[in-house]
Protein chains: 2
Amino acid sequence: MTRKPDDETVSAWIALARAHRLAMSGIEARLKAAGLPSLSWYDVLWELEKAGEDGLRPFELERALLFEQYNLSRLMDRMVKSGLVDRCVCPDDRRGQTLRISTEGRALRHRMWAVYGDAIAEVIGGRLSAGEAQALAAMLGKLG
Amino acid sequence: MTRKPDDETVSAWIALARAHRLAMSGIEARLKAAGLPSLSWYDVLWELEKAGEDGLRPFELERALLFEQYNLSRLMDRMVKSGLVDRCVCPDDRRGQTLRISTEGRALRHRMWAVYGDAIAEVIGGRLSAGEAQALAAMLGKLG
DNA sequence: CCAATATAGATGCAATTGCATCAATATCAA
DNA sequence: TTGATATTGATGCAATTGCATCTATATTGG
């Protein structure tokens with residue numbers, strides 16, 4: 001009976017989970033300390049900002065960010081209520097809607113980036129050279 | 001104004017978050033499909049199994065797994081109630097307690113590993129050579 | 001020793017997540 | 001066309017998480 005995942009694979013997974021938890025908690029802590037919302041809000045704002053005028057359908061956002069449908073649905077409730085995102089009627093699918101970032105949303109994303117960017121620099125950049133970071137990204141890309 | 005995190009660093013973080021989410025959801029989905037509890041249960045069982053006879057104090061488990069205190073406290077309630085973990089009096093600190101894995105706990109961990117190990121093999125092993133996995137683990141290790 | 005402080009773990013309550021399922025369209029096959 | 005199926009997004013309810021705070025015991029400085 002050969003072991004299914006070899007030791008290198010297991011170690012890679014453990015290291016991935018650990019590194020993620022560590023980086024994530026460091027970043028989230030900094031955002032919270034600055035009185036800012038959590039990363040998932042940032043991710044939504046950034047996707048919508050990139051999408052521009054046309055906005056995005058919830059299901060597109062859902063796939064882009066790998067969110068659960070019900071989760072995104074409720075996150076959008078909150079973000080719309082907070083005035084960061086506009087829910088617009090969707091011309092070509094009456095089941096659906098179009099989401100667009102608001103001016104306030106853009107402003108918040110910008111303020112968040114100031115903290116988020118610094119946090120990435122500290123948590124990741126401070127520990128890897130640019131070359132290492134590039135190699136890491138490439139390797140991780142294969143997992144997608 | 002120099003950008004704080006350079007592009008390679010940002011890419012590495014994005015890739016890390018994405019790879020983690022993807023691998024995690026694949027693994028959790030397989031566990032759930034097999035009617036098994038989630039990874040955090042596995043992590044606890046495995047730590048306690050490694051700790052052996054002496055068991056571990058909650059705060060040790062907390063640090064080993066990077067759990068929040070209140071989170072672990074409640075997880076232990078559930079696992080003790082499920083008969084997977086024994087809560088024992090702690091001889092040298094009357095505030096504390098000692099956690100030990102039960103026989104049932106060991107059995108469950110074993111059954112979980114069958115699924116979990118396969119999942120790691122598919123989600124990670126299937127996409128990286130042993131050499132790549134080793135390199136990835138090394139790089140991720142620097143983030144700890 | 002004793003008061004001040006720190007550490008271990010629990011818990012009430014609010015917010016979020018997960019699960020199952022629903023209603024409303026859209027699409028497709030006969 | 002039309003009935004069957006698929007897709008989009010919402011929602012009731014249970015489980016989990018997060019936050020703040022509490023109690024009990026340990027430790028430490030005077």
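So you know, we letter chains A, B, ... as the sequences are listed, proteins then strands, and number each from 1.
- The phosphate of C:dT16 has neither OP1 nor OP2 within less than 4.0 Å of any side-chain N or O from A:N71.
- Between B:R78 and A:T98, the residue anchored nearer the 5' end of DNA chain D, judged by the nucleotide with its closest heavy atom, is A:T98.
- Following rounding to the nearest Å, A:E28 (CD) and C:dA15 (P) show an atom-to-atom distance of 18 Å.
- In this structure, B:R74 reaches the bases: a heavy-atom distance under 4.0 Å links it to at least one base atom across the strands shown.
- The distance from atom CD of B:E68 to atom P of C:dA15 is 19 Å, rounded to the nearest whole Å.
- Shown here are the side chain to side chain donor-acceptor pair (under 3.5 Å) partners of B:Q97, two or more places apart in sequence or in another chain: B:R87.
- B:R87 has a side-chain polar atom (N or O) that falls below the 4.0 Å cut-off from OP1 or OP2 of C:dA10.
- The CE-P distance, from B:M79 to C:dG9, rounds to 16 Å in whole Å.
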Pairs of donor and acceptor atoms involving the side chains of residues 133-144 of chain A, under 3.5 Å and at least two apart or interchain, shall be tabulated with distances.
residue: A:K142; atom: NZ; partner: B:E132; partner atom: OE2; Å: 2.4

Side chains of residues 48-55 of chain B: which donor-acceptor pairs under 3.5 Å do they make with residues two or more places apart or in other chains?
residue: B:E49; atom: OE1; partner: B:R109; partner atom: NE; Å: 2.6
residue: B:K50; atom: NZ; partner: B:E47; partner atom: OE2; Å: 3.3

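- Checked against side chain to side chain donor-acceptor pair (under 3.5 Å), B:S38 has the following partners two or more places apart in sequence or in another chain: B:S40.
- Rounded to whole Å, the distance from CE on A:M76 to P on D:dT11 is 15 Å.
- Shortest non-hydrogen contact noted between B:G117 and A:P5 is O-CG, 3.2 Å.
- Rounded to whole Å, the distance from CD on B:E62 to P on D:dT17 is 14 Å.
- Look at B:K32 and you won't find any side-chain N or O under 4.0 angstrom from OP1 or OP2 of C:dG18.
- Side-chain N/O atoms of A:S73 include one lying less than 4.0 angstrom from OP1 or OP2 on D:dA10.
- Looking at B:R78 and B:W41, their side chains come closer than 4.5 Å, going by heavy atoms from C-beta outward.
- Regarding B:L75, its CG atom lies at a distance of 15 Å from the P atom of D:dA15, rounded to whole Å.
- Residue A:R100 comes nearest to A:C88 through the heavy atom pair NH1-SG, 2.7 Å, listed as atom of the first residue, atom of the second, then distance.
- Atom CG in B:D77 sits about 15 Å away from atom P in D:dA15, given to the nearest Å.
- When the options B:D86, B:V80, B:V85 are evaluated for a side chain to side chain contact (heavy atoms under 4.5 Å, CB included) with B:S102, the one that passes is B:D86.
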>> Within the 4.0 Å limit for protein heavy atoms, which parts of nucleotides 20-26 of chain D are touched? Write it as a string from 5' to 3', B for base, S for sugar-phosphate only, - for none.
In response: ----BBS

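- To the nearest 0.5 Å, the span separating OH on B:Y70 from CG on B:L75 amounts to 13.0 Å.
- The overall bend of the helix from C:dC1-D:dG30 to C:dA30-D:dT1, read as the angle between its terminal helix axes built from five base pairs each, is 30° when rounded to 10 degrees.
- Between the CD atom of A:Q97 and the P atom of C:dT25 there is a distance of 13 Å, given to the nearest Å.
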